Amino acid sequence: MCAATVEHNGITHRLGDEWIMEYAAGTLSEGEAVLVASHMSYRPDAARTMEAAEAIGGSLLEGETGTAMAPDALASVLSRIDEPAPGKQPVRPAPPPATTDRVLPAPLREWLGVDDVEDLNWSFMGPGMKKVMLWRGPGDQRVWMLRARPGTEIPVHGHRGTELTLVLKGAFKDPHGRFARGDIEEKNEADMHGLTIEEGEECICLALTEGPIRLKSVAARLIQPFIGL
Ligand code: ZN
């Protein structure tokens, strides 16, 4: 699913509907749920999207296993919802909107129990880069944050499983486009990419990876044991 060309109140790259559906149904891992909730807090359509996801989520997830959701299922339900149903309380309310004066969105602040990125225990990751590991879960999932100086090049790498990267501050570019605050990039096993942090502002991202990332160059692989990813 690619929504990369849809510009919507500044959010250019949005998370696939299947993630929203699973979030609404409560079937995501703790780390996945935090990442999805954080992304939703940047989306102006969060409340309607959550309502649509709940409306169709239950029936799909209770269906036969292996049944794939139609790629446009959420969009088609959304197009039929004009107003939120009066008096209906959603199972998972949409997170409060992100504000520009804070780097960490509310779901992330709540989960971490910290107010600001300066409260986190950053450690060296590579030239111009710092990281902080936040969580490890089932399937070797890791939630961590990257903090990179303007102009930093992040080496070309692949992934053992899914990689979700949500931009909290600044922007980066890779062969798939430009990703700025609130944007999310989803990469899978087949995708290799290197990232360039934009000039002008540091970039802070919330990332979820499954297993260690696969670095392409020997030099990058040699430092991998020390960066812990
Ligand atoms: Zn990656």
Side-chain angles (χ1 to χ4, degrees), residues 1-5 11-16 18-19 22 28-39 42 103-105 108 117 120 122-199 201-229:
M1 186 171 325
C2 183
T5 54
I11 306 294
T12 311
H13 303 275
R14 315 173 83 182
L15 200 53
E18 66 278 13
W19 288 98
E22 288 208 41
L28 294 178
S29 73
E30 182 182 337
E32 289 169 338
V34 167
L35 206 119
V36 173
S38 296
H39 172 61
Y42 296 97
V103 174
L104 301 175
L108 191 54
V117 287
L120 296 168
W122 296 95
S123 61
F124 176 82
M125 181 177 167
M129 291 182 276
K130 289 179 175 179
K131 61 147 168 77
V132 56
M133 184 62 68
L134 302 175
W135 177 82
R136 284 184 188 229
D140 208 10
Q141 285 191 335
R142 298 138 194 234
V143 174
W144 53 284
M145 284 172 72
L146 166 74
R147 185 173 199 175
R149 286 206 293 263
T152 301
E153 301 277 348
I154 296 172
V156 175
H157 61 272
H159 317 97
R160 286 196 168 78
T162 300
E163 178 189 70
L164 294 175
T165 308
L166 171 66
V167 182
L168 306 179
K169 182 184 183 186
F172 68 80
K173 283 183 180 148
D174 78 357
H176 310 282
R178 176 183 186 266
F179 295 82
R181 187 169 183 270
D183 284 334
I184 199 160
E185 180 169 42
E186 180 173 358
K187 287 275 138 289
N188 295 301
E189 276 171 72
D191 303 315
M192 298 285 286
H193 67 157
L195 279 56
T196 303
I197 307 300
E198 270 192 3
E199 295 293 348
E201 189 180 24
E202 69 171 342
C203 183
I204 298 178
C205 296
L206 178 67
L208 183 138
T209 48
E210 293 176 330
I213 58 172
R214 293 182 293 119
L215 294 163
K216 192 182 176 192
S217 79
V218 174
R221 264 183 267 139
L222 283 173
I223 62 161
Q224 187 163 36
F226 304 102
I227 62 177
L229 291 174

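The structure presented is a predicted model; accordingly, all values stated were derived computationally and were not measured. Atoms within a ligand are numbered from 1 in the order they appear, just like the ligands themselves.
- Side-chain contact between His176 and His13 is absent, with no heavy-atom pair separated by less than 4.5 Å.
- With respect to the Zn ion (ligand 1), His193 has NE2 as its nearest N, O or S atom.
- Residues Ile154 and Leu146 meet the side-chain proximity criterion, which asks for heavy atoms closer than 4.5 Å.
- Under the 4.5 Å side-chain criterion, counting only non-hydrogen atoms from C-beta, Leu164 is in contact with Trp19.
- With a 6.0 Å radius and a threshold of 12 heavy atoms from other residues, nucleotides or ligands, Lys130 has its NZ atom at or below the threshold.
- Looking only at its N/O/S atoms, His157 has NE2 as the one nearest to the Zn ion (ligand 1).
- When you scan the N, O or S atoms of Glu163 for the one nearest the Zn ion (ligand 1), you land on OE1.
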